[in-house]
Number of protein chains: 2
Amino acid sequence: MNQIETLRRPTLHEELVERLRNMVVEDALKPGEKVPEKDLCEAFGVSRTPLREALKVLASEGLVILQTNRGARVAEVTQEELENTFAVIAMLEQLVGELACQNLDDAGIAHIQKRHDAMIKAFGVRDLQAYFKANQDIHNALIEGAGNDILESHHRMLAARVRRARFMVNLSDERWQQAIEEHEKMMVLLRARDGQSLGRLMKIHMLNKYDALVKALAAAEDDLAN
Amino acid sequence: MNQIETLRRPTLHEELVERLRNMVVEDALKPGEKVPEKDLCEAFGVSRTPLREALKVLASEGLVILQTNRGARVAEVTQEELENTFAVIAMLEQLVGELACQNLDDAGIAHIQKRHDAMIKAFGVRDLQAYFKANQDIHNALIEGAGNDILESHHRMLAARVRRARFMVNLSDERWQQAIEEHEKMMVLLRARDGQSLGRLMKIHMLNKYDALVKALAAAEDDLAN
DNA sequence: AGATGTAATTATGAATTCATAATTCAGTCA
DNA sequence: TGACTGAATTATGAATTCATAATTACATCT
């Protein structure tokens, strides 16, 4: 009899990794904040052992910082780190574009086209929620379509580090417009299966996203100063 | 008073991560091999708690696989994974090349030139040990010179996954010759601070390395079959 | 009042213990 | 002989306990 699918209940520490990661990414735990084991244990109703295991994993992903005998704190995202992270993600995006063109079948491209159309529609009525969702779906489909697990896991790791930034600023309509245009071009290149060009565009798309983020952050700081 | 450098004794689990990682990378623990906690605890003279924490970290790096209630085994490197990993590393190398040209100062380049000369010398007398060492030094200096911590950490993580492959096959003189030529070109571009070209070349250099590896692996399999 | 040294408290690192899932192995039956 | 059953063993997941480092609170002194 052949293996169906090894059914596995996730372990406590795995669930904790998931939930803690979400809390960090979704800014429920603020950067720089101390996260005493005791509090987290009470919050999740677990003992310290699985929780500490989870913290070790998050530390290796760079989401929290562990200091010996001084516990864990949520990693801060400095300006420099943001730049460094985006630079790497942009390179990975380029590869995603190249591989997605190679490996996606027609059905896969059709599916992305559908999500793209949904995204355009959301943009038309300025439905930010629906836009983010469709956008996320598209990027996920492209990454999965690339068919490279290593690429996928490292991309996800890096994306988690900067996703918080989304909560820090809001999208300018100008940038939003630009992003849409880039996505339109991406679809053209994807349908043409021009991997080299799509890769280059996706890299630029990501760097533009970073650019907009930096400007928005600077503007937000100015607001605070006034 | 400003922080000098938080002096910190490493914790047991950190040391274990280091040592276990080395054991995996240096092939002391063979791929697919089960690594019972009990044995490792005895080997290192520690209790299960820090050891399990270390295993969780290695699992998140992809070096070991944890199966619920069934313990840890050293991750296998499939042909596909090798390809996937090299594809990602190659992209990162490209970025390394671009950034190194931007950020290395003259002293940094001079240092790399020295290590390069040492490498050439080692090649002249076919001193594999010295060659590997100098080669490693050069790549490390370039990565550090890039000045992007995120890039560095992810590159290291990926490099660990494939370093084992070095133990599986030996370098053909033909490939060795080719690698040297590529390195000569790299030095020219680095001195000229032509980041774009250096990036492209470093990417290709890495893909060629993969190519040679695949061929060597295929040849090794043929040997076994005969 | 502010600084300094010391005791009390708290939090963390690691060992141990406990519960349970997985594996092994002996015994039974076809 | 060989496949199945179920008890015994072993290994793992998680809680608890213990030792020690770090922090806080407090008293003392200048």
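Chain identifiers are assigned alphabetically (A, B, ...) following the order of the sequence lines, protein sequences preceding nucleic acid strands; residue numbering begins at 1 within each chain. Quick note: numbers below take in every heavy atom, side chains included, and nothing from hydrogens, waters or symmetry partners. On a predicted model such as this, the values are computed, not experimentally measured, just so you know.
- Straight-line distance from the CG atom of A:L40 to the P atom of D:dA14: 16 Å, rounded to whole Å.
- Computed from coordinates, the A:H13 NE2 to D:dA15 C1' distance equals 16 Å when rounded to whole Å.
- Partners of B:R156 by salt bridge (Lys or Arg N to Asp or Glu O under 4.0 Å), not counting sequence neighbours, listed by chain and number: B:E144, B:E152.
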Polar-atom pairs under 3.5 Å, protein N or O versus N or O of nucleotides 9-12 of chain D: list them with distances, or write none.
residue	atom	partner	partner atom	Å
D:dT12	OP2	B:E37	N	3.4

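- The side chain of B:T49 contributes no N or O atom lying less than 4.0 Å from OP1 or OP2 of C:dA14.
- Rounded to an integer number of Å, the gap from B:F44 CZ to C:dA15 P is 14 Å.
- Results of the side-chain contact (heavy atoms from CB on, under 4.5 Å) test with A:I89 over A:M157, A:R161, A:M206 single out A:M206 as the only residue that passes.
- With sequence neighbours excluded, no residue satisfies side chain to side chain donor-acceptor pair (under 3.5 Å) with A:T49.
- A search for side chain to side chain contact (heavy atoms under 4.5 Å, CB included) contacts involving B:D117 returns B:Q113, not counting sequence neighbours.
- For B:K133, the salt bridge (Lys or Arg N to Asp or Glu O under 4.0 Å) test picks out B:D137, with sequence neighbours left out.
- The residue among A:V46 and A:K34 whose nearest nucleotide of DNA chain D is located toward the 5' end is A:V46.
- Residue A:L51 contributes atom CG, which lies 14 Å from atom P of D:dT16 at whole-angstrom precision.
- For the pair A:L66 CG and D:dA21 P, the computed distance is 19 Å after rounding to whole Å.
- Partners of B:H155 by ring pair (Phe, Tyr, Trp, His ring centres under 6.0 Å), not counting sequence neighbours: none found.
- When the P atom of C:dA15 is taken as reference, atom CD of B:E42 falls 14 Å away, rounded to whole Å.
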